[in-house]
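Naming: A, B, ... by sequence-line order, numbering from 1 per chain. Predicted model, so just to flag it, every value in this text is computed and none were measured.
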Amino acid sequence: MKDSQSNFFADVYDVVRLIPKGRVTSYGAIANYLGLKRSARMVGWAMNQSHGDDSVPAHRVVNRNGVLSGKHFFSGGEHAMQQLLEAEGIKVIDDQIQDFKDVFWDPMSELEL
DNA sequence: TACGTGACCACGT
DNA sequence: CACGTGGCCACGT
């Protein structure tokens with residue numbers, strides 16, 4: 001096990017697990033919260049590896065534009081991620097979250113580091 | 001070992 | 001206001 005990257009992945013997963021039901025956050029917000037400000041890509045990569053871990057609601061993580069950029073990586077079809085979000089009361093149209101700012105959950109603001 | 005790619009974001013032109 | 005480039009870090013070929 002690589003301690004360093006495992007620690008980073010663990011941190012990302014921990015934050016994602018803290019996302020309340022019916023809310024979403026962005027890769028950049030998580031990266032920023034962890035202090036990796038410019039390394040949002042790593043958060044995305046972490047999500048990629050988290051795929052298969054039911055404890056990590058990756059469907060609640062989208063890009064800063066509110067677009068389901070990672071839907072393509074979900075198993076069960078292209079609309080699997082959208083249906084998961086809609087099941088939590090989040091409206092999604094054409095891979096775009098409606099009222100994104102309203103359902104947006106910022107760890108820095110909500111967790112108040 | 002080096003290059004290219006990636007579930008992104010911010011800035012410059 | 002749209003597009004291009006840089007930056008970040010890790011992984012695959």
Side-chain angles (χ1 to χ4, degrees):
Chain A
M1 299 306 224
K2 290 83 179 183
D3 301 86
S4 48
Q5 65 182 45
S6 296
N7 190 14
F8 163 67
F9 278 54
D11 286 342
V12 175
Y13 298 154
D14 188 44
V15 175
V16 174
R17 271 175 243 179
L18 291 174
I19 302 173
K21 182 181 178 185
R23 302 283 188 194
V24 294
T25 190
S26 63
Y27 305 96
I30 296 172
N32 191 6
Y33 175 70
L34 295 177
L36 297 167
K37 306 177 184 177
R38 308 294 176 173
S39 302
R41 291 179 142 170
M42 299 298 87
V43 178
W45 195 256
M47 294 288 91
N48 188 3
Q49 299 304 297
S50 74
H51 185 267
D53 191 328
D54 297 338
S55 301
V56 182
H59 60 277
R60 292 180 186 157
V61 184
V62 296
N63 64 6
R64 80 137 195 118
N65 200 30
V67 178
L68 282 55
S69 48
K71 62 150 192 173
H72 216 307
F73 284 71
F74 273 76
S75 52
E78 303 284 298
H79 296 271
M81 185 175 184
Q82 177 173 335
Q83 298 211 349
L84 285 168
L85 290 170
E86 289 182 332
E88 296 185 354
I90 299 174
K91 299 179 190 134
V92 180
I93 300 177
D94 191 33
D95 304 327
Q96 168 67 53
I97 294 179
Q98 304 303 300
D99 302 308
F100 179 58
K101 59 179 173 62
D102 188 54
V103 297
F104 181 67
W105 181 82
D106 187 354
M108 276 203 306
S109 298
E110 303 299 322
L111 298 179
E112 301 237 352
L113 178 62

- [ ] Whole angstrom is fine here: how far is it from CE in A:Met42 over to C1' in B:dA7?
- [x] 11 Å
- [ ] Classify the nucleic acid contact of A:Phe73 as base, sugar-phosphate or nothing, counting any heavy atom under 4.0 Å across all strands shown.
- [x] sugar-phosphate
Open item on the list: What's A:Asn63 touching, base or sugar-phosphate or nothing? Going by heavy atoms closer than 4.0 Å.
Closed with: sugar-phosphate
TODO: Round to the nearest Å and state the distance from A:Trp45 atom CH2 to B:dG4 atom P.
DONE: 17 Å
Open item on the list: So for A:Arg41 and B:dC8, does any side-chain atom that can act as donor or acceptor lie under 3.5 Å from a complementary atom in the base?
Closed with: yes
Task: Atom-to-atom span, CZ of A:Arg64 to P of B:dA10 - whole angstrom - done: 6 Å
Open item on the list: Starting the side chain at C-beta, find the nucleotide from B:dC9, B:dA7, C:dC9 nearest to A:Ala40.
Closed with: B:dC9
Open item on the list: I need the CZ-C1' distance between A:Phe8 and C:dC8, as an integer number of Å.
Closed with: 10 Å
- [ ] To the nearest Å, give me how far apart CG (A:Asn48) and P (C:dC11) are.
- [x] 11 Å
TODO: Pick the P atom in C:dT5 and in B:dG4, then give their distance to the nearest Å.
DONE: 15 Å
TODO: Answer with yes or no whether the hydrophobic clustering places A:Leu36 together with A:Ile30; edges join I, L, V, M, F, W, Y residues whose side-chain heavy atoms lie under 4.5 Å apart.
DONE: yes
Open item on the list: Is any side-chain heavy atom of A:Phe104 closer than 4.5 Å to one of A:Ser26?
Closed with: yes
- [ ] Ignoring the backbone of A:Arg38, work out which of C:dC8, B:dA7, B:dC8 is nearest its side chain.
- [x] C:dC8
Task: Any A:Ser69 side-chain N or O less than 4.0 Å from OP1/OP2 of B:dC8 - done: yes
Task: Listed nucleotide nearest any side-chain atom of A:Ser26, set B:dC9, B:dA7, B:dG6 - done: B:dC9
Open item on the list: Just to verify, what does A:Arg60 make a side chain to side chain donor-acceptor pair (under 3.5 Å) with, not counting sequence neighbours?
Closed with: A:Glu88
Open item on the list: Quick check for you: to the nearest 0.5 Å, what is the distance between A:Glu86 atom CD and A:His59 atom NE2?
Closed with: 11.5 Å
TODO: Could you tell me whether A:Ala46 contacts a base, only the sugar-phosphate backbone, or nothing, with contacts defined as non-hydrogen atoms closer than 4.0 Å?
DONE: nothing
Task: Pair assignment for B:dA10, Watson-Crick or G-U wobble, requiring both distances under 3.5 Å - done: C:dT5
TODO: Give, for atom CG of A:Leu84 and atom NE2 of A:His79, the distance between the pair rounded to the nearest 0.5 Å.
DONE: 13.0 Å
Task: Length of the line joining A:Arg60:CZ and B:dA7:C1', which is rounded to integer Å - done: 17 Å
Open item on the list: Using atom C1' in both nucleotides, what's the gap between B:dA7 and C:dA2 to the nearest angstrom?
Closed with: 24 Å
- [ ] Using atom CZ of A:Phe9 as one end and atom P of C:dC11 as the other, report the distance to the nearest whole Å.
- [x] 6 Å
TODO: Rounded off to whole Å, could you give me the CG-to-C1' distance for the A:Asn65 and C:dC1 pair?
DONE: 15 Å
